[in-house]
Amino acid sequence: MSATRAEICVVACAEAWRGDGEVLAAAMGTCSILGARLARLTFEPGLLTTDGGALLTAEPVPIGAPAGAVEGWLPFREHLWLVQNGRRHVMMGASQIDRHGNTNISAVGAWQRPKSQLLGARGAPGNTIGNPTSYWIPRHSTRVFVPKVDMVSGVGADRAAELGAEASRFHGLRRVVTDLAVFDFGTPDGAMRLLSVHPGTDVEQVLAATGFEPVIDGDVPETRQPTGEELRLIREVLDPHAQRDREVRS
């Protein structure tokens, strides 16, 4: 069975949680939510997943489905405890992201008179300082991947280093997954590195859509394809109504 671009993105998102063990997987966006639930159903069974709200589900549930059997209740105060103690791995979105993973979800344009008002910083500063963080960006472009963000909402590797060990002890940027490629921050200075490009995409296309020069270590491989079992779980169990294809079109 051939995989769609959306299904490749779901699996790439799932890989962000590989090796995490028993932490809360918090995700924002259809493909990232599906990725967290797929990881739990396959290679990372210890992950904690929710119904999208305050219920810890006994099993990963399909997108939009009721929680089913519930293992626990996660009120906001408990959720914040997990954040503050590094026991959550969140996959957020970003309106802008720079080379070191500083992100902006607040405003685009000059601070004194922005062109666009967005969400505000919300939980991004605490998320990035308090627990491992990845990003899911369904539209990879130079509008998103910028040399410098207009406002820092999520803290990148360079700023975390400036804050010192005590402030950044749980800081850790893991992955950036887009509709074109996968990046990580596995460089000495925490700069973004091109890890793989999705099938049907090449390095030149990714670079043309990126407003800065990511680190490239040798030949860049293709993002892995889903296995047959992963495709079955995505299509028949987690997302039978194919909501993933509304977020990432083939």
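Remember, predicted model here, so these are calculated numbers, not experimental data.
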query: Partners of His89 by ring-ring contact (aromatic ring centres under 6.0 Å, His included), sequence neighbours excluded?
result: Trp17
message: When you compare the side chain of Ile129 with that of Leu163, does any pair of heavy atoms fall below 4.5 Å?
response: yes
- request: Can you spot which of Ile97, Asp158, Thr128 makes a side chain to side chain contact (heavy atoms under 4.5 Å, CB included) with Asn102?
  value: Asp158
task: Taking only Lys NZ, Arg NE, NH1 and NH2, and the carboxylate oxygens of Asp or Glu, determine whether Arg175 and Glu15 approach each other closer than 4.0 Å.
output: no
task: Go through the steps to decide whether Arg224 and Glu230 satisfy the test salt bridge (charged side-chain N to carboxylate O under 4.0 Å, His left out), and finish with yes or no.
output: CA-CA 12 Å; Arg224 79 167 179 89; Glu230 286 171 334; 2.7 Å; yes
statement: Besides Val152, the hydrophobic cluster formed by Ile, Leu, Val, Met, Phe, Trp and Tyr side chains linked at under 4.5 Å, directly or via other members, contains Val146, Val149
message: Can you confirm if the NZ or CZ of Arg174 lies within 45° of the ring axis of Phe185 and under 6.0 Å from the centre of its six-membered ring?
response: no
task: For Val220, enumerate each residue passing the side-chain contact (heavy atoms from CB on, under 4.5 Å) test, keeping only those at least two apart in sequence or located in another chain.
output: Leu194, Val197, Val203, Ile216
- prompt: Salt bridge check: are Arg5 and Asp179 linked by an N-O gap of less than 4.0 Å?
  reply: no
task: Could you tell me whether the side chain of Asp20 and the main chain of Val23 form a donor-acceptor pair under 3.5 Å?
output: no
- prompt: In this structure, which one of Val237, Asp239, Ile234 forms a side chain to side chain contact (heavy atoms under 4.5 Å, CB included) with Leu38?
  reply: Ile234
May I have the list of side-chain donor-acceptor pairs in residues 45-55 shorter than 3.5 Å, sequence neighbours left out?
unit_1, atom_1, unit_2, atom_2, d
Thr49, OG1, Arg40, NH1, 2.8
Thr50, OG1, Gly52, N, 3.0
Asp51, OD1, Gly53, N, 2.8
Asp51, OD1, Leu55, N, 3.3

query: Under the 3.5 angstrom rule, does the side chain of Ser153 hit a backbone N or O of Ile105 as a donor-acceptor pair?
result: yes
task: Could you name each residue pair satisfying side-chain hydrogen bond (donor to acceptor under 3.5 Å, both in side chains) that touches residues 136-150, not counting sequence neighbours?
output: Gln96-Asp150, Trp136-Glu247, His140-Thr178, His140-Thr210
Contact check, side chains of Ile33 and Met91, non-hydrogen atoms, under 4.5 Å: no
- request: Over all heavy atoms of both residues, which pair between Ala6 and Arg244 is shortest? Give the atoms and the distance, please.
  value: CB-O, 3.6 Å
- line: Residues pairing under side-chain hydrogen bond (donor to acceptor under 3.5 Å, both in side chains) where one sits in residues 67-83, two or more places apart or in two chains, turn out to be His79-Arg88
message: Is it the case that the side chain of Glu222 and the backbone of Ser196 share a donor-acceptor pair, with hydrogens and angles ignored and the cut-off at 3.5 Å?
response: no
field: Arg235 side chain vs His241 backbone, donor-acceptor pair below 3.5 Å
entry: no
Under 3.5 Å donor-acceptor, Arg37 side chain and Val61 backbone: yes
- request: Taking the side chain as every heavy atom from C-beta outward, state whether Leu173 and Met192 have any pair of such atoms under 4.5 Å apart.
  value: no
